[in-house]
2 protein chains.
Amino acid sequence: MAQSASNTVLVESGRDRILDEAAALFLRHGYEGASLRQLAETVGMKAGSLYYHFASKDDLLTEILRRGIDVMQTAFDEAETASADVRPVARVEAHVRAHLSALFENGPYTAAHVMTFRTAPETVREVVVPLRDAYEARWTEMLRLLQADGAIDPTVDVNVIRLVLFGAMNASVEWFDTDRGNLDRFAAAITAQFWNGVGA
Amino acid sequence: MAQSASNTVLVESGRDRILDEAAALFLRHGYEGASLRQLAETVGMKAGSLYYHFASKDDLLTEILRRGIDVMQTAFDEAETASADVRPVARVEAHVRAHLSALFENGPYTAAHVMTFRTAPETVREVVVPLRDAYEARWTEMLRLLQADGAIDPTVDVNVIRLVLFGAMNASVEWFDTDRGNLDRFAAAITAQFWNGVGA
DNA sequence: CACCCTACCTAACGTTCGTTAGGTAGGCAA
DNA sequence: TTGCCTACCTAACGAACGTTAGGTAGGGTG
């Protein structure tokens, strides 16, 4: 009942705790809108002490953006192995569910990533862009294969439909409420809209 | 050939000029990430002089967010009268085109709105939320009528598909390049994806 | 016991921020 | 010519920012 030993603690401390709270703060107020003193107070220390764990505020953001991608990649991995031989639409739904899981169920890193990346300092973006590209390439490749197999409309631009789908999923961070909505149902709804459309 | 008289000047000045550049700056760097000194230098004046035109930075943002909605509302009006009696999917496409027009063809206000609203100060949001709600209600009502007429799948949640569509359209600010892509074609593509889906 | 390393703290540095008070050049009106 | 109004400017204010240098309590190790 009480926490046992090593893996996940009820209230973590140190570096991971800082990253968690920083990601949540950046998500809510934006990168420039959140101050280190605000962050320090949230985690219960003084601003200067943060520099024992991180070289700079930019460095902190870089780490958060990196973790955001790691979470997405891991989710993609799991969806890939879990949906190895299901029909195309179910495969897409598995990956949609995985991406939503990254956004809502694995800490604030992915949500903070998709919301703060655009206005991040150039030096930070430079580091993260290749990682982003790699993740997006996996999606594009998956959709490209489905199109080659005849499962996706051959007239659509795979890159465009991916960006549209990403926009829809990522924007849900702004309005989807995990307390009120069910993520499985939401993934099913967004996949149905993506695959079949809404026309009667 | 040279500009004539009143309506639109090649290079505007004064208050409108400030708003234009401020919206562009807020869009690029976020509200907190853009400074008034940066803005002042862009429009060719000193930071303090901005206060002749605006009471505060928050006030400036409020005006920009308000204009962003005005542009959307106007675009919606035009789409509504232009697509009064066309088939449902064409009606939706007209409104998608109108929203994209607001985002890309009528100054940076709407784009700045959708990108900075989320992290705007609470006092600013309070003022703008009712205006936002009014615009979103028009969309919901339109889709609701289409569903009542049997043109939209009766099993979908109109509010969810609207939010998903909004997410897709608004996120395109991040990646769609007006110099390379055609907005008519993009509106057609996004509408087709919305209406018919991408499944073969 | 002596030592050291971890994880903080205090206190300040210089910079930048939004903002304000008071001044002024130029145009238009009486 | 005098006076006012518009649209700026200069100069500074206090606050907040990211960041750094130096100090220290406490636990683990020899």
Side-chain angles (χ1 to χ4, degrees), chain A residues 5-6 9-65 112 116 119-127, chain B residues 5-6 9-65 112 116 119-127:
Chain A
S6 57
V9 207
L10 276 90
V11 172
E12 58 193 346
S13 68
R15 191 182 148 92
D16 281 342
R17 173 81 201 291
I18 295 172
L19 282 165
D20 266 30
E21 300 291 354
L25 274 176
F26 292 170
L27 175 57
R28 225 178 295 275
H29 303 108
Y31 175 60
E32 312 263 5
S35 76
L36 293 183
R37 285 175 172 83
Q38 204 177 358
L39 170 61
E41 199 188 11
T42 307
V43 302
M45 57 172 67
K46 296 307 168 74
S49 306
L50 295 169
Y51 284 79
Y52 174 76
H53 299 281
F54 301 95
S56 68
K57 196 187 180 189
D58 279 13
D59 185 60
L60 212 164
L61 177 61
T62 304
E63 176 78 18
I64 287 171
L65 296 182
T116 65
T119 55
E122 192 56 38
T123 55
V124 173
R125 279 232 295 281
E126 276 174 6
V127 179
Chain B
S6 57
V9 206
L10 277 89
V11 172
E12 58 192 345
S13 68
R15 191 183 148 90
D16 281 343
R17 173 82 202 290
I18 295 172
L19 282 165
D20 267 29
E21 300 291 354
L25 273 176
F26 292 169
L27 174 58
R28 224 179 295 276
H29 302 109
Y31 175 60
E32 313 263 6
S35 76
L36 293 183
R37 284 175 173 83
Q38 203 178 359
L39 170 59
E41 199 187 12
T42 308
V43 302
M45 56 172 69
K46 296 306 169 74
S49 306
L50 296 169
Y51 284 79
Y52 175 76
H53 299 281
F54 301 95
S56 68
K57 196 188 181 190
D58 279 13
D59 185 60
L60 212 165
L61 177 61
T62 304
E63 175 78 18
I64 287 171
L65 296 183
T116 65
T119 55
E122 192 56 37
T123 56
V124 174
R125 279 231 295 280
E126 277 174 7
V127 178

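Here the structure is a predicted model, which is why all the values come from computation and not from measurement. Side chains included, hydrogens not; waters and symmetry mates left out as well; all remaining heavy atoms used. Chain letters run A, B, ... following the sequence lines, proteins first and then strands; every chain starts at 1.
- The side chain of A:Ser35 lies closest to D:dC17, out of C:dT19, D:dC17, D:dC8.
- We find the CG-CG distance between B:Leu25 and B:Asp20 to be 11.0 Å, quoted to the nearest 0.5 Å.
- Residues that satisfy the salt bridge (charged side-chain N to carboxylate O under 4.0 Å, His left out) test with A:Arg125, not counting sequence neighbours, are A:Glu122.
- Nucleotide D:dC8 holds its C1' atom 11 Å from the CG atom of B:Leu50, rounded to whole Å.
- Residue A:Tyr51 places at least one side-chain N or O under 4.0 Å from the OP1 or OP2 atom of D:dT19.
- The distance from atom CG of B:Leu36 to atom P of C:dT19 is 7 Å, rounded to the nearest whole Å.
- If you check every strand for non-hydrogen atoms under 4.0 Å, A:Ala34 touches sugar and phosphate atoms only.
- Within the structure, side-chain hydrogen bond (donor to acceptor under 3.5 Å, both in side chains) pairs that include any residue of residues 49-58 of chain A comprise A:Tyr31-A:Asp58 (at least two apart or interchain).
- Remark: C1' of C:dC17 and CD of B:Glu41 are 15 Å apart, rounded to the nearest angstrom.
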Which atom pairs, one a donor and one an acceptor, fall under 3.5 Å between side chains of residues 33-48 of chain A and the rest of the protein, sequence neighbours left out?
unit_1	atom_1	unit_2	atom_2	d
A:Ser35	OG	A:Gln38	N	3.1
A:Gln38	OE1	A:Ser35	N	3.2
A:Thr42	OG1	A:Gln38	O	2.8

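- For A:Glu63, the salt bridge (charged side-chain N to carboxylate O under 4.0 Å, His left out) partners two or more places apart in sequence, or in a different chain, are A:Arg15, A:Arg67.
- Going from atom CD of B:Glu32 over to atom OG1 of A:Thr119 covers 11.0 Å, rounded to the nearest 0.5 Å.
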Indicate for each nucleotide in nucleotides 9-14 of chain C, in 5' to 3' sequence, whether protein heavy atoms under 4.0 Å reach the base (B), only the sugar-phosphate (S), or nothing (-).
BB-B--
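- Here D:dA15 presents its C1' atom at 15 Å from NZ of B:Lys57, a figure rounded to the nearest Å.
- Among the nucleotides D:dG18, D:dA7, C:dT6, the one closest to any side-chain atom of A:Tyr52 is C:dT6.
- Taking atom CG on A:Leu39 and atom C1' on D:dC17, their separation rounds to 14 Å, with Å as the unit.
- Counting all heavy atoms, side chain and backbone alike, B:Ala23 lies closest to B:Ala112 at O-CB, 3.6 Å.
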Go through it in stages, so that I can follow the logic: the residues are A:Leu65 and A:Thr116, the test is side-chain contact (heavy atoms from CB on, under 4.5 Å), and I'd like the CA-CA distance, side-chain angles, deciding distance and then a yes or no.
CA-CA 8 Å; A:Leu65 296 182; A:Thr116 65; 3.6 Å; yes
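- Of the residues in residues 18-32 of chain B, not one comes within less than 4.0 Å of DNA chain D through any heavy atom.
- Rounded to whole Å, atom P of C:dT6 lies 12 Å from atom NE2 of A:His53.
- Of the residues near DNA chain C, A:Gly14 and B:Ala55, the one whose nearest nucleotide (by heavy atom distance) lies more toward the 5' end is A:Gly14.
- Following rounding to the nearest Å, B:Asp58 (CG) and C:dC17 (C1') show an atom-to-atom distance of 13 Å.
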